[in-house]
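These values consider heavy atoms only, across backbone and side chains, with no hydrogens, waters or symmetry-generated copies. Letters A, B, ... mirror the listed sequences (proteins, then strands); counts begin at 1.
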Amino acid sequence: MLIKDVVCPFCGCLCDDLDVEVENGRIIRVDNACTLGSKTMVGDDRLKAPIRRDGKGWIETTYDAAIEEAAQILLDADRPLLYGWSRTHGEAQGIGVHLAELIGGVVDNTSTVCHGPSILAIQEVGHPGCTLGQVKNRADLIIYWGCNPIDAHPRHMSRYTTYATGFFVKDAHRDRKVIVVDTRRNESADVATEFVQVEPGGDYAVLSALRAIVRGRGDVVPPSVSGVSREQLVRVAEMCKNAKFGAIFFGLGLTMTAGKNKNVRNAIELTDELNRHTKFIISPMRGHGNVYGTNEVFTWITGYPYAVDFSRGIAFYNPGETTAIDILRRGECDACLVVASDPAAHFPKPCVEHLARIPVVQIDPHPNATTHICRLQIPGSVAGIDAAGTAYRMDGVPIRLKAIIETGVPNDTEILQRLYNRVREAKGE
Amino acid sequence: MRVILEAKVRKKPFLPIEAESIIPRNFLKGTDLAVYEGNKERKLVDLFRISVEGTAVTPEKIEVVLKGDTSRVKRIGEYMDAGKITISGDVGMHCGNFMSGGDIEILGNADAWLGREMRGGYILCHGNAGHYCASGYRGEKTGMQGGRVEVLGNAGDYCAEYLTGGEVHIHGSCGDMAGVEMKGGQFIIDGDATRPCGNMKDGTCMIFGTVRQMLPTFERIGTKKLPDRKVTVTVYKGDVANRGKGIMMVKGTGRSDE
Ligand code: SF4
């Protein structure tokens, strides 16, 4: 059976034009997706049942027993951490936040290690943004700053920028100029009109210099800024001012290098400055399929997009203090629930070491690095494959993920709801 | 009156304690105060051995002395308005948040957000201070507005972010982006600083050590002799990127490419 217009749940592009062929309840072919996308959809190797650590090895257990054990671990904790959420659907994320409130825990999502700083910057100065459709139809200048879409968001260029024909941009390849700014020449730089190579850690200074040039104060800028010549900066500033519609997309090269949120803030303020001359927007290249959704869901429930601490019964937010990495590095939390992410593979060593010391429960369909340090793993179905749910694209557009096959595995919403109910019952509420 | 609080040894010593109730004024009514350990509410006496010497009728006459391991105790002195707090060791985050009067003296190190959004009073830290010392809160456009913060050691990154009024004096060095978004007040760094005063709008920052990675958007407007320091500083105005009118004074030229 051929299913059309399927959404790929892998990266923040959430491409919604996949053709998927299903036979006997299995996905056998995927068309239109990039390699990352097809790998997610076909040949997905999952746990068959919940597993728990028993002495030396793993034993299979039932969903009921697993949920009971998970509830006990959370109830016993003085500072439980509930982390992950970016690979599951909004409905499950919502229950996760309510669970955190119920047990007085800290709930954080993967933005803590990707675009958290972008959000901090947006909270300081706002977000001149737009949807990807606007970019596709109008933008004649694209800037990729500190990101490599060809590797990380393979269809971003073909669906929305460099190679995409838009309503006002008929001949994309000729009409759209592309500027790539990075510390090293990446694959995306090869298709760029202009490549700006910045010394590591130099983005903030380059952005400040561009702001000064755009507002006519190029006279104070020294001949070279973090390895970039003043001539090139002036040329880039002119290209930006002369564009009809410019769009800056940025990645971890800005958010996770020295200066973090201040780098992003500087980029937003450059966008502001350019809006005195023409139309300009800026947007983060969100990584995980539904990481933007975690920010939306957390915000509408708690008022804050990530790193929410409920230990005093009310929501408190302070990245650097209530973020998962900081809590783990300080050894604060005494239990952890990991949902739909793999911290053991991505977190710094001291954080993973602390995770290995405390009881960790993981809700995830796949065996991963976190499996090695968890006490209990409960597999759920995958949003976009065998579970339906809502996800948010990197530009904040909600997209409905379809269940394209039927596996009978409970989805994350059901598992979390049962866990929530069990905890609530035990607390006598 | 002296109130001595000695931290007891805890089963989980890494759990943070939130203790905004520890301000001199609160001890006028006794020592039956609540603090939080992780997600549990506790009595002050559960976590500290308490002894009280003498009596007082105004908070000005109260000194609170903290002893033992207080490195995980957060928010000590939050909203403090009078009296004195002495911490013999290290102190956790947010010490002296929103403080408007009185003195805090820390003999050890202070964790992040020391004197956050402070309005008045004096904080003296003998050791090092963490990140965001004397700064604002996330998304807040006004940082410290008054009072004085003095750190005898070094400070971490983003020290005096959004400084709006009052004085911050770091005797050692600052980490990255000291004085970023400054809007007023006076900021003195005796040691080194990296990328100071980005996006500064107003206020004065003086740096007597080495400036690393001076930002390209500060306009040199001359030099000035500072007789009490016996040095000549180069005076910059900026941040030009932000139409700023702030003043940054740097010993020597501060710029490596000149
Ligand atoms: S670009 Fe992203 S969303 Fe689109 S097919 Fe590839 S992995 Fe999936």
- Working for salt bridge (Lys or Arg N to Asp or Glu O under 4.0 Å), residues A/R235 and A/E231: CA-CA 6 Å; A/R235 190 161 69 236; A/E231 289 74 67; over 6 Å; no
- Portion of A/R215 that has a non-hydrogen atom of chain B nearer than 4.5 angstrom: side chain
- Pair count under 4.5 Å, heavy atoms only, with chain B: among A/Q123, A/E124, A/K262, A/E269, highest is A/K262
- Message: If I measure from the heavy atoms of chain B, does A/V106 come under 4.5 Å with its side chain, its backbone, both, or neither?
- Response: neither
- Establish, from distance only, whether the side-chain atoms of B/S71 and B/D111 form a donor-acceptor pair under 3.5 Å. no
- Hey, which of A/R211, A/E332, A/E321, A/R312 has the most heavy atom pairs under 4.5 Å with chain B? A/R312
- Message: I'd like to know which of B/H131, B/E161, B/E37 tops the heavy-atom pair count under 4.5 Å against chain A.
- Response: B/E161
- Item | Carboxylate-amine/guanidinium contact A/R79 A/D309, below 4.0 Å | yes
- Query: Would you call the rings of A/F316 and B/Y137 parallel, tilted or perpendicular, where under 30° means parallel and over 60° means perpendicular?
  - Reply: parallel
- Message: Quick test of your reading of the model: are B/R195 and B/D176 salt-bridged, counting only N-O distances below 4.0 Å?
- Response: yes
- Item | Under 4.5 Å from a heavy atom of chain A, the part of B/V180 involved | side chain
- Query: Based on non-hydrogen pairs under 4.5 Å, which of A/I327, A/N318, A/V221 is most in contact with chain B?
  - Reply: A/N318
- Query: Which atoms of A/A121 come close to chain B, meaning under 4.5 Å heavy atom to heavy atom: side chain ones, backbone ones, both, or neither?
  - Reply: neither
- Applying a strict 4.5 Å limit to non-hydrogen atoms, the region of B/N199 in contact with chain A is both
- Message: Using a strict threshold of under 4.0 Å (side-chain N to carboxylate O), is an ion pair present between B/E20 and B/K74?
- Response: no
- B/E181 versus chain A, the contacting section by heavy-atom distance below 4.5 Å: side chain
- Is the shortest distance from a Lys or Arg side-chain nitrogen in B/R243 or A/E273 to a carboxylate oxygen in the other one below 4.0 Å? yes
- Query: When the ring planes of B/Y132 and B/Y158 are compared, do they come out parallel, tilted or perpendicular, using 30° and 60° as the limits?
  - Reply: parallel
- A/F310 versus chain B, the contacting section by heavy-atom distance below 4.5 Å: neither
- Item | Part of A/I103 lying under 4.5 Å from any heavy atom of chain B | backbone
- Interchain contact, B/E140 with chain A, by part (heavy-atom threshold 4.5 Å): neither
- So, A/R217 and B/E219, do they make that salt bridge, N to O below 4.0 Å? yes
- Task: Count the heavy-atom pairs under 4.5 Å between each of B/G238, B/P16, B/G139 and chain A, then report the option with the highest count.
- Result: B/P16
- So, the part of B/D157 with a heavy atom under 4.5 Å from chain A: the answer is neither
- Residues B/K43, B/D46: salt bridge by 4.0 Å N-O rule: no
